[in-house]
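In what follows, chains carry the letters A, B, and so on, assigned in the order in which the sequence lines appear, proteins first and then strands, with residues in each chain numbered from 1.
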Amino acid sequence: MTKVVVLLDFWLSPFGMRVRVALAEKGVEYEYREEDLGNKSQLLLQMNPVHKKIPVLIHNGKPICESLVIVQYIDETWKNKAPLLPSDPYQRAEARFWGDYIDKQIYSCGRRLWTTKGEEQEAAKKELIECFKVLEEHLGDRTYFGGDNLGFVDVALIPFYSWFYAFETCGNFKMEEWCPKIVSWAKTCMQRESVSKSLVDPLKVCHDFVLPRRKTLGLD
Amino acid sequence: MAEEGVKLYGFWLSPFSRRVELALKIKGVEYEYIEEDLQNKSPELLQYNPIHKKVPVLIHNGKVIVESQVILEYIDETWKENPIMPQDPYERAIARFWAKFIDEKFFPSFRKAILGGETEVEKVIEETKENLKILEKVLEGKNFFGGERIGFVDIVANTIAYWVFLFQEAAEKEILTEEFPILCNWKDKYINHNIIKETLPPKDKSVSFFRARFAQSKASS
């Protein structure tokens with residue numbers, strides 16, 4: 001390992017994308033290493049023996065795991081630029097609450113949507129839309145969840161924008177119809193280089209991964 | 001003297017609300033405690049935590065904070081004496097990692113293993129023991145997870161130190177045994193710690209409650 005900061009990741013992981021966005025916001029140079037999740041590297045197994053999952057940030061040889069733990073670490077370590085968490089304890093608590101909400105609700109509903117069919121899929125789709133509506137209400141009239149600037153909650157949520165097209169295709173709906181403010185928020189985020197360079201092409205997520213996987217699972 | 005407007009909505013047997021009480025006691029913060037009947041939640045609770053409808057809920061100067069680990073960090077950042085989190089960013093990341101592991105991996109696997117009724121209960125018991133081995137290693141050579149003194153992870157680990165044993169007694173089944181000497185040693189120090197012991201619900205009442213609850217769920221499954 002020659003670089004001081006190394007990121008073990010997988011191209012379409014929303015959790016990995018969070019870390020990419022955070023590092024880009026802070027202007028941190030790092031080495032990106034793509035993991036083959038069907039054949040995990042020795043380094044990954046050594047650096048995250050408990051979960052054996054990506055993303056893993058390795059800083060000066062020391063591993064940090066769990067995406068929102070990593071994002072907070074990045075925020076606290078490179079603190080001279082682009083603060084992601086606010087300085088007020090109450091606002092920080094609010095941001096952590098929503099980060100946790102996104103972790104617990106968005107990922108699992110989304111996953112159920114693309115890995116099931118019929119009634120189960122319909123239910124997952126309804127739940128996912130509900131969760132995004134809750135987030136939309138919380139966003140209100142703000143540009144970002146972080147206010148005038150991209151913040152912790154924006155970083156936690158924006159990677160799922162790469163997955164919207166896959167969700168829409170699988171669930172036969174349009175996010176824009178149900179949660180227009182979320183879609184416009186996402187487009188605003190995408191105007192930032194830190195986001196546009198970190199997220200992956202939604203068409204690739206759908207056509208190169210989700211739809212073939214559904215076929216393999218016998219869902220389509 | 002009670003701190004201006006600190007209120008905690010909790011449940012006597014919830015390890016999550018007991019954690020918040022522990023943190024407030026460590027910081028010497030006085031608060032008003034409101035006991036919730038979880039079978040009959042108050043309108044206030046539903047208003048303050050409409051998304052999860054759960055305890056604990058902390059109110060401070062009219063501001064509402066929910067989710068026990070979020071509340072713990074809020075308390076630590078608001079009242080700076082007797083710090084709960086480490087200072088160093090890397091140590092903080094490690095603390096948050098283990099706290100997440102305890103709540104999201106260990107305790108759910110332990111609950112499944114104790115309640116049984118799973119078609120592959122042996123597998124779940126094995127998984128729980130693996131998680132315990134991992135936690136033993138984390139504690140090795142330390143007085144507490146936080147080092148010399150109790151810290152964030154110890155507070156979150158109240159489930160391991162006390163609720164695990166309540167469940168075990170109620171279910172008449174043991175998973176965390178002397179097979180894990182480091183954890184057992186830590187647990188003995190923990191439950192006898194002068195501040196912590198005031199936050200632990202009474203054993204007999206707790207065991208009876210869980211016994212009845214387990215019998216009820218067996219009957220309905």
Side-chain angles (χ1 to χ4, degrees), chain A residues 5 15 19 22 26 47-53 55-79 84-105 107-108 130-131 133-135 137-138 152-153, chain B residues 5 20 27 48-52 54 56-80 84-106 108-109 127 130-135 137-138 152-153:
Chain A
V5 182
F15 306 107
V19 180
K26 301 285 187 176
M47 292 284 137
N48 191 359
V50 174
H51 301 299
K52 306 175 175 56
K53 285 181 174 178
V56 178
L57 189 76
I58 309 172
H59 185 205
N60 293 324
K62 294 187 292 191
I64 304 105
C65 310
E66 296 296 306
S67 64
L68 294 184
V69 174
I70 300 173
V71 171
Q72 287 187 81
Y73 173 80
I74 290 169
D75 201 37
E76 292 171 14
T77 303
W78 290 277
K79 44 189 180 205
L84 297 172
L85 274 169
S87 48
D88 170 68
Y90 177 67
Q91 289 178 7
R92 292 160 72 83
E94 248 202 349
R96 287 179 178 132
F97 170 84
W98 288 105
D100 177 68
Y101 177 85
I102 293 163
D103 261 0
K104 301 236 163 73
Q105 310 290 349
Y107 178 71
S108 65
E130 258 325 293
C131 292
K133 282 193 164 159
V134 168
L135 285 162
E137 201 188 315
H138 173 61
F152 184 75
V153 180
Chain B
V20 175
K27 299 285 187 175
Y48 291 136
N49 193 358
I51 289 178
H52 299 302
K54 288 179 174 177
V57 174
L58 186 78
I59 320 272
H60 180 214
N61 291 336
K63 295 173 291 195
V64 182
I65 306 106
V66 305
E67 289 299 301
S68 66
Q69 289 192 26
V70 175
I71 299 174
L72 293 180
E73 292 217 48
Y74 174 80
I75 289 171
D76 202 39
E77 292 170 6
T78 303
W79 292 280
K80 308 222 194 261
I84 290 169
M85 290 287 284
Q87 294 302 310
D88 169 68
Y90 185 71
E91 295 302 318
R92 291 157 73 82
I94 297 300
R96 288 176 181 134
F97 175 87
W98 289 117
K100 209 171 180 270
F101 176 80
I102 290 168
D103 273 356
E104 292 177 17
K105 279 264 144 28
F106 169 73
S109 70
E127 189 193 323
E130 278 311 309
N131 291 336
L132 285 167
K133 282 191 195 136
I134 290 170
L135 290 163
K137 259 210 162 137
V138 178
F152 185 67
V153 180

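Proximity to chain A involves both the backbone and the side chain of K63(B), based on heavy atoms less than 4.5 angstrom apart. Residue E104(B) touches chain A through its side chain alone, counting heavy-atom pairs closer than 4.5 Å. Residue P49(A): no heavy atom, backbone or side chain, is found under 4.5 Å from chain B.
Remark: I51(B) CD1 to H138(A) NE2 distance equals 8.5 Å, nearest 0.5 Å. Rounding to the nearest 0.5 Å places CD1 of I134(B) at 8.0 Å from NE2 of H51(A). For the atom pair N61(B) CG and Y90(A) OH, the distance stands at 11.5 Å (nearest 0.5 Å).
The shortest non-hydrogen separation linking I65(B) to A93(A) is CG2-CB, 3.8 Å. Between A93(B) and I64(A), the closest heavy-atom pair is CB-CG2, 3.8 Å. Taking each heavy atom of V66(B) and F97(A) in turn, the nearest pair found is CG2-CE1, 3.2 Å. In terms of heavy atoms, Y74(B) sits closest to P89(A) at CD1-O, 3.5 Å.
The greatest number of non-hydrogen atom pairs below 4.5 Å with chain B, out of D88(A), V50(A), I70(A), T77(A), is found for V50(A). Among the candidates V64(B), D76(B), N131(B), I75(B), the residue making the largest number of heavy-atom pairs closer than 4.5 Å to chain A is V64(B). The choice from Q105(A), K62(A), E94(A) that makes the most heavy-atom pairs within less than 4.5 Å of chain B is K62(A). In terms of non-hydrogen atom pairs under 4.5 Å with chain A, the most contact-rich of E67(B), Q69(B), E73(B) is E73(B).
Taking the charged nitrogens against the carboxylate oxygens, E77(B) and R92(A) do have a contact shorter than 4.0 Å, which makes a salt bridge.
In this pair, Y101(A) and H52(B) present their aromatic rings tilted. The plane angle is within the 30 to 60° band.
Considering L68(A), D103(A), D100(A) in turn, D103(A) is the only one that fulfils the side chain to side chain contact (heavy atoms under 4.5 Å, CB included) rule with K100(B).
In this structure the side chain of R96(B) never reaches within 4.5 angstrom of the side chain of E66(A), judged on heavy atoms.
Remark: the backbone N or O of H59(A) is not paired with any side-chain donor or acceptor of Y90(B) at under 3.5 angstrom.
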